[in-house]
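Values below: all heavy atoms of this structure, side chains included; hydrogens, waters and symmetry mates excluded.
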Amino acid sequence: MQSDRKAVRENWGSRLGFVLAAAGSAIGLGNVWRFPYVLGENGGFAFLLVYLCCVVLIGLPIMGAEMVIGRGSRRNPFGAFKALLPGSAWWLVGAIGIVTGVIILSYYNVVAGWTLAYLFRSLTGLVSGFTGPDSAELAYESFVSDSAQVVIYLFLFAVLGILVVAQGVKGGIERWAKILMPTLFLLLLLLIGRSLTLEGSGDGLAFLFAPDFSKINGDVILMAMGQAFYSLSLGMGVMITYGSYLDNRTNIFSSAGTVAGLDALIAVLAGVAIFPAVFAMGMEPSSGFGLTYQVLPMVFAKLPLSDVLSSLFFLLLTIAALTSAISLLEVMVSFATDELHWTRARATIIMAAFAFVVGVPSALSFGVWSDVTVFGLGFFGVADYITANVLLPLGGIGIAVFAGWAWGRGVKQEILLGSNQETLYYVWLWSVRILAPIAVALILIFNFV
Ligand code: PHE
């Protein structure tokens, strides 16, 4: 029975497909609207060095741990821990991860829905109608508080996710990653071309990269670590799930390295696409919603072909969000197909519907429910805060400690399948045993003091 189940579990069609799907998960909203600003504000090139150290020393080892847990068990995050250490309580790490995924997907879909709306609206002339920064602000505020519209777009985006995931790992996720990721890269290059040929774009590059080592302090290092973690989609089992469809010939070290490298590259390039244009048009740099839905539309409005540029940008952002949302949905779907024995179609529709319903309060928290707050945060804010600052780091510690200490000898053999790089294994082991758990625990603790 056991081996039958193993035999029918889907596999990726190619290593490239797997790497693109995993990179698609990692490359998301975080790369575009957060990383570039954080880079510019916290020491430029100096921050980049710190960030890359965090990726290599902590992010990569945890990503490797997730992939090896997935491949070693060929299960969803919940089933994986149960299969590797039967009778222990480690399944809790997987279960918490899946719940975390539901919460992230619920609010991620909301902003993704806005992005989709801005794509449609750009295509129909939103941006060329702007007369000044006030109109960009007004357009944003009236849109996000229009609950009916926001929920409709949330729904539409959820349907996009269903359409991809229902087609399966190879025929859906992998096939679409192979189409969407190169498209995203091309769009980014186009926007970079536009941005860098504007007069005054050098100021934007200076903002992004001018090294200022005096800005590096404990807080900045913790911020870099937190950003690396979220950006690499770690701590809730995406990489466990994607790893569970891997075959034994795939080199986990080099796959994780490629995924992390692509993620960092796109984050830096997003900055090169955005800030030179922002500075050239005399706008103030910022991040998050303000940057994406107000500053950038206004930057586009000042340029020729404004609606085209804006459409290209929001298409890029929609793609980035979609490939991340798909990975979150797949975690839930793999749980339902493995553990509840649902068909993929059924699992996809029910799980996506569930995430949609959980997302509605977040969608409404910018409109009719804006008065409902906890510690000054609305539903959206709470969901974002708890997952990024508490649940993902906790999950990351659990995963690292499991792979480094609890799993035992089996992990060495499993991770060396397809690679045989024993030295790398010892470096990896040192990180997941000591460095990563301590570093991530620090993120957790310092977020609260
Ligand atoms: N990595 C994604 C981003 O940068 C967010 C994400 C986190 C996706 C955790 C899946 C899991 O936007």
Side-chain angles (χ1 to χ4, degrees), residues 27-29 31-33 36-37 109-146 148-157 159-160 179-201 203-204 266 269-323 366:
I27 298 166
L29 299 170
N31 297 57
V32 180
W33 79 20
Y37 182 73
N109 274 344
V110 172
V111 207
W114 295 0
T115 309
L116 192 61
Y118 265 71
L119 170 58
F120 287 143
R121 300 171 91 206
S122 302
L123 287 170
T124 52
L126 168 79
V127 170
S128 54
F130 286 170
T131 48
D134 289 356
S135 33
E137 210 179 300
L138 220 90
Y140 168 75
E141 271 156 20
S142 64
F143 172 72
V144 297
S145 58
D146 182 342
Q149 276 218 59
V150 167
V151 172
I152 290 172
Y153 279 107
L154 167 65
F155 178 79
L156 287 178
F157 187 80
V159 171
L160 282 184
I179 298 170
L180 294 175
M181 296 316 285
T183 308
L184 178 141
F185 195 65
L186 215 82
L187 287 170
L188 196 54
L189 291 184
L190 270 175
L191 290 170
I192 289 175
R194 169 69 279 193
S195 188
L196 287 183
T197 49
L198 292 169
E199 199 168 322
S201 60
D203 293 347
I266 300 292
L269 289 182
V272 177
I274 293 172
F275 286 115
V278 168
F279 277 81
M281 293 297 111
M283 306 275 297
E284 286 291 313
S286 65
S287 73
F289 300 155
L291 173 74
T292 314
Y293 304 101
Q294 295 178 36
V295 176
L296 285 177
M298 201 47 228
V299 167
F300 298 134
K302 294 184 178 189
L303 294 168
L305 296 176
S306 55
D307 290 318
V308 176
L309 285 175
S310 183
S311 304
L312 292 177
F313 173 74
F314 285 108
L315 177 61
L316 178 141
L317 207 57
T318 304
I319 292 177
L322 181 61
T323 49
F366 297 90

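- Every residue meeting the side-chain contact (heavy atoms from CB on, under 4.5 Å) condition with T292, not counting sequence neighbours, appears here in chain and number order: W33, F313, F314, L317.
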Original post:
Going through the distances and angles, do F300 and F130 end up as a side chain to side chain contact (heavy atoms under 4.5 Å, CB included)?
Top reply: CA-CA 10 Å; F300 298 134; F130 286 170; over 6 Å; no
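- Considering CG of L309 and NZ of K302, their distance stands at 14.5 Å, rounded to 0.5 Å.
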Could you tabulate the donor-acceptor pairs under 3.5 Å formed by side-chain atoms of residues 117-129, not counting sequence neighbours?
from: S122; atom 1: OG; to: Y118; atom 2: O; distance (Å): 2.6
from: S122; atom 1: OG; to: S310; atom 2: OG; distance (Å): 2.8
from: T124; atom 1: OG1; to: F120; atom 2: O; distance (Å): 3.0
from: T124; atom 1: OG1; to: R121; atom 2: O; distance (Å): 3.2
from: S128; atom 1: OG; to: G125; atom 2: O; distance (Å): 3.4
from: S128; atom 1: OG; to: D307; atom 2: OD2; distance (Å): 2.5

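- Here the closest non-hydrogen pair linking A136 and Q294 is CB-O, 3.7 Å.
- Interatomic distance, CG of N109 versus CG of L156, reported as 11.5 Å (0.5 Å rounding).
- Here the shortest heavy-atom pairing between F157 and L116 reads N-CD2, 4.0 Å.
- Dense packing is recorded around CZ of F289, with more than 12 heavy atoms of other residues, nucleotides or ligands lying under 6.0 Å away.
- S135 and G132 make their closest contact through OG-O, 2.6 Å (heavy atoms, listed as atom of the first residue, atom of the second, distance).
- Taking all atoms of both residues into account, the shortest heavy-atom contact from P36 to N31 is CD-O, 3.2 Å.
- For the side chain to side chain contact (heavy atoms under 4.5 Å, CB included) criterion with L316, the lone passing option out of T183, L188, L190, L186 is L188.
- Scanning both residues, V111 and T115, for their nearest heavy atoms gives O-OG1, 2.7 Å.
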**OP:** Test side chain to side chain contact (heavy atoms under 4.5 Å, CB included) on Q149 and Y153 and set out the steps.
**Re:** CA-CA 6 Å; Q149 276 218 59; Y153 279 107; 3.5 Å; yes
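- Under the 3.5 Å distance criterion, the side-chain polar atoms of T323 are matched with a main-chain donor or acceptor of I319.
- With sequence neighbours excluded, no residue forms a side-chain hydrogen bond (donor to acceptor under 3.5 Å, both in side chains) with S195.
- By the 30° and 60° cut-offs, the orientation of the rings of F279 relative to F275 is perpendicular.
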**OP:** Take Y37 and I274, measure what side chain to side chain contact (heavy atoms under 4.5 Å, CB included) needs, and give me the verdict at the end.
**Re:** CA-CA 10 Å; Y37 182 73; I274 293 172; over 6 Å; no
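- The two atoms that bring V295 and E284 nearest to each other are CG1-O, 4.0 Å, heavy atoms only.
- Note that the CG atom of L305 and the CZ atom of R194 stand 8.5 Å from one another [nearest 0.5 Å].
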Original post:
When you look at I152 and F155, which way does the side chain to side chain contact (heavy atoms under 4.5 Å, CB included) test go after all the steps?
Top reply: CA-CA 5 Å; I152 290 172; F155 178 79; 5.6 Å; no
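- With hydrogens and angles disregarded, a donor-acceptor distance shorter than 3.5 Å links the side chain of S201 to the backbone of L196.
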